[in-house]
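Notes to accompany the following structure.
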Amino acid sequence: MTDSYSNQLVAYLNQLLSNTAVLTNNMYIYHWNIVGPLFFPLHSKFQEYYEKGTSEYDIIAERIRQLGGYPATLSKYNSLSGIKEAVSKEYNSNEALVNTINDFKYMHRFASDVSAYASSIGDSVTSGIVGDNVAYLEKQIWMLEANVK
Ligand SMILES: [Fe+2]
């Protein structure tokens with residue numbers, strides 16, 4: 001891997017890190033602000049998602065360091081992330097789930113592209129790490145879409 005490929009990959013991973021940070025915060029927003037008869041199961045589901053997001057966040061940042069880069073910091077996340085932060089207000093179950101599906105689909109596309117780029121430059125470790133999350137998201141999207149039918 002040449003330096004320019006590595007620098008490009010670190011830039012993509014910092015965008016992925018920022019998307020992950022905003023998405024994880026959105027999972028907290030729905031965890032806190034969900035209302036209605038599905039409060040208890042969805043409050044728990046969103047906790048599962050922010051815990052998974054926190055784990056991914058750490059994995060991505062540590063991979064950036066392994067590649068010689070530095071993880072982006074908080075003030076950069078909103079501009080680097082294609083996922084927009086959720087408004088803090090009450091959410092019924094359908095709105096929270098539909099928003100989550102949209103965020104997960106964006107993340108799935110973005111992570112797929114990063115994994116493919118890593119693979120194209122011969123970095124199977126990054127491709128594998130990011131690819132694992134693509135598989136996780138794909139399964140969650142399937143379940144979330146089943147839940148809103
Ligand atoms: Fe909580």
Side-chain angles (χ1 to χ4, degrees), residues 6 8-119 123-149:
S6 180
Q8 182 61 58
L9 182 57
V10 165
Y12 285 146
L13 286 171
N14 264 321
Q15 286 182 277
L16 186 66
L17 185 76
S18 300
N19 277 310
T20 302
V22 175
L23 177 63
T24 301
N25 190 254
N26 286 354
M27 298 302 98
Y28 270 108
I29 294 291
Y30 302 136
H31 172 75
W32 295 323
N33 294 338
I34 191 81
V35 295
L38 295 178
F39 176 88
F40 286 109
L42 289 182
H43 183 70
S44 297
K45 180 53 71 178
F46 288 117
Q47 178 167 349
E48 177 190 321
Y49 287 158
Y50 74 64
E51 287 172 352
K52 171 69 174 173
T54 301
S55 167
E56 284 302 312
Y57 177 68
D58 189 44
I59 288 168
I60 296 162
E62 289 179 354
R63 187 62 190 157
I64 289 169
R65 291 297 296 126
Q66 289 162 51
L67 292 168
Y70 293 95
T73 54
L74 192 58
S75 61
K76 304 279 182 10
Y77 293 161
N78 269 329
S79 59
L80 287 177
S81 172
I83 296 175
K84 293 303 151 206
E85 64 179 25
V87 174
S88 194
K89 65 175 188 73
E90 285 190 354
Y91 286 90
N92 65 35
S93 59
N94 193 65
E95 188 179 9
L97 289 171
V98 167
N99 289 357
T100 299
I101 289 167
N102 289 335
D103 284 358
F104 277 23
K105 282 185 171 176
Y106 184 92
M107 179 61 91
H108 178 272
R109 275 196 307 277
F110 195 88
S112 295
D113 288 348
V114 174
S115 181
Y117 179 76
S119 179
D123 182 352
S124 58
V125 174
T126 299
S127 180
I129 287 170
V130 178
D132 286 347
N133 195 39
V134 172
Y136 171 83
L137 290 164
E138 209 159 298
K139 184 172 179 180
Q140 297 310 311
I141 291 165
W142 163 61
M143 292 193 282
L144 288 164
E145 287 188 324
N147 200 77
V148 295
K149 270 190 177 154

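As the structure lists them, so they are numbered: ligands from 1, and atoms in each ligand from 1. Nothing here was measured: the structure is a model prediction, and the numbers come from that model.
Taking the six-membered ring where tryptophan is involved, the planes of Phe39 and His43 are essentially parallel, since the angle between them stays under 30° and well short of 60°. Between Tyr136 and Tyr49, the angle of the ring planes goes over 60°, which puts this pair in the perpendicular group of the 30/60° scheme.
Applying the side-chain contact (heavy atoms from CB on, under 4.5 Å) test to Ala21 and every residue at least two apart in sequence or in another chain returns Tyr57, Tyr77.
A ring-centre distance under 6.0 Å is not found for Phe110 and Tyr12.
Atom NZ of Lys139 sits in a sparse spot, with 12 or fewer heavy atoms from other residues, nucleotides or ligands closer than 6.0 Å. In Gln47, the CD atom is crowded: over 12 heavy atoms of neighbouring residues, nucleotides or ligands sit closer than 6.0 Å.
The count of protein N, O or S atoms under 2.8 Å from the Fe ion (ligand 1) stands at 1, with waters excluded from the count.
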